[in-house]
Amino acid sequence: MANVTSDWDPLSEANLADPVAVQKNMRGKCPVAWTEQFGGAWAVFKHADIEQVAGDPETFSAAEVFVVPDMTGGVFPWLPVQSDPPQHADYRALVAPFFRGSRIAAFEPELVRIAHECIDSFIDDGHADVASQLNYRVSSSALAMLMGVPQEDGLRFKSWHEGMVSANASGDQEALGVTFMDLMGYVQAWMEKTKAEPGGDDLMSALMEADIDGRPLTNEEIFGTFILLIVGGFETTADVTSATLAHLAEDHELREQLRANPKLITKAVGEFARVFAPTQATARTATRDVEIGGRTICAGERVLQMWASGSRDEDIFADADSVDIDRPGKTQLTSFGSGNHRCLGEGLARIEIRAILSTWLERIDTFKVDGNPERGTWPTQGWHSMPMSFTARS
Ligand code: HEM
């Protein structure tokens, strides 16, 4: 292990309160930093250095852990992310067809309908927690559609997701185990139902009929695939949407521009995801000694790809902290990751965010944050609650 003192603490009060400010400071002062947390890890804050890690899966392996502390409990890998080439491509190919543009585009009208239904439920109150009463609801529904399960089951994803994240953050292994067992019971029952009615056009049928290295997927591989979708696809999208609504509450010019021309929302969503990136970091393990940004990482050490920091790197994005929907150029690395594990759910996330923003701007006139928004915890940095008051449009 490297003999260095800790120069960054992801669980410090400062980082929990304002990770964006801490990341900015680290990019300037210590862009490759060491923390003693989680058994020790390097954090890589600059866009170019994160690219180096994400672009070299041979040197930076995802197979051991992909997030610290290790949420998987070491029981089974969360796929496809917790795997390396060449197996990674096989695991990714099993789920990729379910994220195809033509398939998920069909979800949008239903997501718009659900967004209207949510807004109907609170519009007369003049205030709502848009995170829990709107954004998480749309995320749950989108996941249920993706997975091909009933809408009401989607609501259970929130409690599983919260159970895993909060038990992991507090180190409560028993609570983590209880959530896992509940989720595995659900997936097991669903597998049995699919076995009894084979041949469906849904994700579970595809996984159960899949062939990998000449064998069927194990139950653990199927569990791992579903858990990753719930953890990766639920909070992230809702976080971006909550932060965007808070931004539009202040940026009246952009709010009215998007309202007058909803087609611009499609273009704006990428910029919202960049500025309001929900994931602080995912992890890799170095397979050999390697240098990043002038520091030597030893074989076996953990390396954190600080996505949210990379997407506000001043060397890449002029005036990086501002929202500019006309920002020129594209980068390979975004808040959706980079390299072989780049987010599979990006297209779906974009549709969800657009469905909510367009519906909100159609129904709601002025709005403001009213109360104390509650931030999620490491390794995310989005909003678990976003209380707002508003006036309805007539
Ligand atoms: C704004 C929303 C989202 C953001 C910012 C985001 C971010 C990311 C990032 C940074 C990665 C790379 C992880 C790594 O390399 O370690 C990733 C991978 C992944 N994401 Fe997302 N994600 C979002 C939404 C979604 C959604 C809605 C889903 C699915 C329902 C999803 C499913 C996945 C999957 C399956 C992977 C693993 C891909 C692979 O390993 O090949 N994500 N995401």
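As the structure is a prediction and not an experimental result, all values here were calculated from the model. For ligands, and for the atoms within them, numbers begin at 1 and follow the listed sequence. Numbers for residues simply follow the sequence, beginning at 1.
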Quiz item: Would you call Tyr136 and His161 a side-chain contact if the rule is heavy atoms closer than 4.5 Å?
Solution: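 In short, these two side chains do not touch, never coming nearer than 4.5 Å.
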
Please state which protein non-hydrogen atom is closest to [atom] and give its distance, to 0.1 Å?
| atom | answer |
| --- | --- |
| atom 19 (C) of ligand 1 | Cys343 CA, 3.6 Å |
| atom 12 (C) of ligand 1 | His341 O, 3.5 Å |
| atom 32 (C) of ligand 1 | Gly345 N, 3.9 Å |
| atom 16 (O) of ligand 1 | Thr282 OG1, 2.7 Å |
| atom 36 (C) of ligand 1 | Leu344 N, 4.1 Å |
| atom 7 (C) of ligand 1 | Ser335 O, 3.5 Å |
| atom 24 (C) of ligand 1 | Thr236 OG1, 3.4 Å |

Subset of ligand 1 atoms that lie under 4.0 Å from at least one heavy atom of [X]:
| X | answer |
| --- | --- |
| Leu143 | 30 (C) |
| Gly233 | 25 (C), 26 (C), 27 (C), 28 (C), 29 (C), 30 (C) |
| Gly337 | 10 (C) |
| Pro278 | 5 (C) |
| Leu146 | 30 (C) |
| Ala349 | 2 (C) |
| Pro80 | 39 (C), 40 (O), 41 (O) |
| Val240 | 1 (C) |

Exercise. Run down the list Phe336, Phe66, Phe99 and name the one with the heavy atom closest to atom 29 (C) of ligand 1.
Key: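 Answer by nearest heavy atom: Phe99.
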
Less than 3.5 Å between some nitrogen or oxygen of [X] and one of ligand 1, yes or no?
| X | answer |
| --- | --- |
| Arg342 | no |
| Arg92 | yes |
| His88 | yes |
| Arg284 | yes |

Practice problem: Indicate the ring-plane relationship of Trp78 and Phe66, choosing parallel, tilted or perpendicular according to the 30° and 60° boundaries. | Solution: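 Ring orientation of Trp78 relative to Phe66: tilted.
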
Please determine, by modelled atom types, if [X] and [Y] share a side-chain donor-acceptor pair under 3.5 angstrom.
| X | Y | result |
| --- | --- | --- |
| Asp370 | Ser389 | yes |
| Asp56 | Thr59 | yes |
| Asp202 | Ser205 | yes |
| Arg274 | Ser311 | no |
| Thr366 | Thr391 | yes |

Quiz item: Stepwise, does the salt bridge (Lys or Arg N to Asp or Glu O under 4.0 Å) test hold for Arg295 with Glu301?
Solution: CA-CA 13 Å; Arg295 298 251 209 177; Glu301 288 180 336; over 6 Å; no

Quiz item: What's the verdict on salt bridge (Lys or Arg N to Asp or Glu O under 4.0 Å) for Glu110 and Arg113, showing C-alpha distance, side-chain angles and the deciding distance?
Solution: CA-CA 5 Å; Glu110 180 62 3; Arg113 190 194 66 73; 2.9 Å; yes

Quiz prompt | Residue of the set Arg375, Gln280, Glu235 for which side-chain contact (heavy atoms from CB on, under 4.5 Å) holds with Thr380 | solution = Glu235

Quiz item: Has Asn340 got any heavy atom lying under 4.0 angstrom from an atom of ligand 1?
Solution: yes

Practice problem: Compute the minimum heavy-atom distance from Ala273 to ligand 1 and say whether it is under 4.0 Å. | Solution: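 So Ala273 does not count as touching ligand 1.
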
Quiz item: Hey, do the aromatic rings of Phe226 and Trp160 have their centres closer than 6.0 Å?
Solution: no

Practice problem: Decide salt bridge (Lys or Arg N to Asp or Glu O under 4.0 Å) for Arg363 and Asp120; before the verdict, give the C-alpha distance in whole Å, the side-chain angles of both, and the deciding distance to 0.1 Å. | Solution: CA-CA 9 Å; Arg363 304 283 306 273; Asp120 285 342; 2.8 Å; yes

Exercise. Under the salt bridge (Lys or Arg N to Asp or Glu O under 4.0 Å) rule, what do Lys24 and Asp18 come out as? Steps first, then yes or no, please.
Key: CA-CA 10 Å; Lys24 187 172 190 157; Asp18 191 352; over 6 Å; no

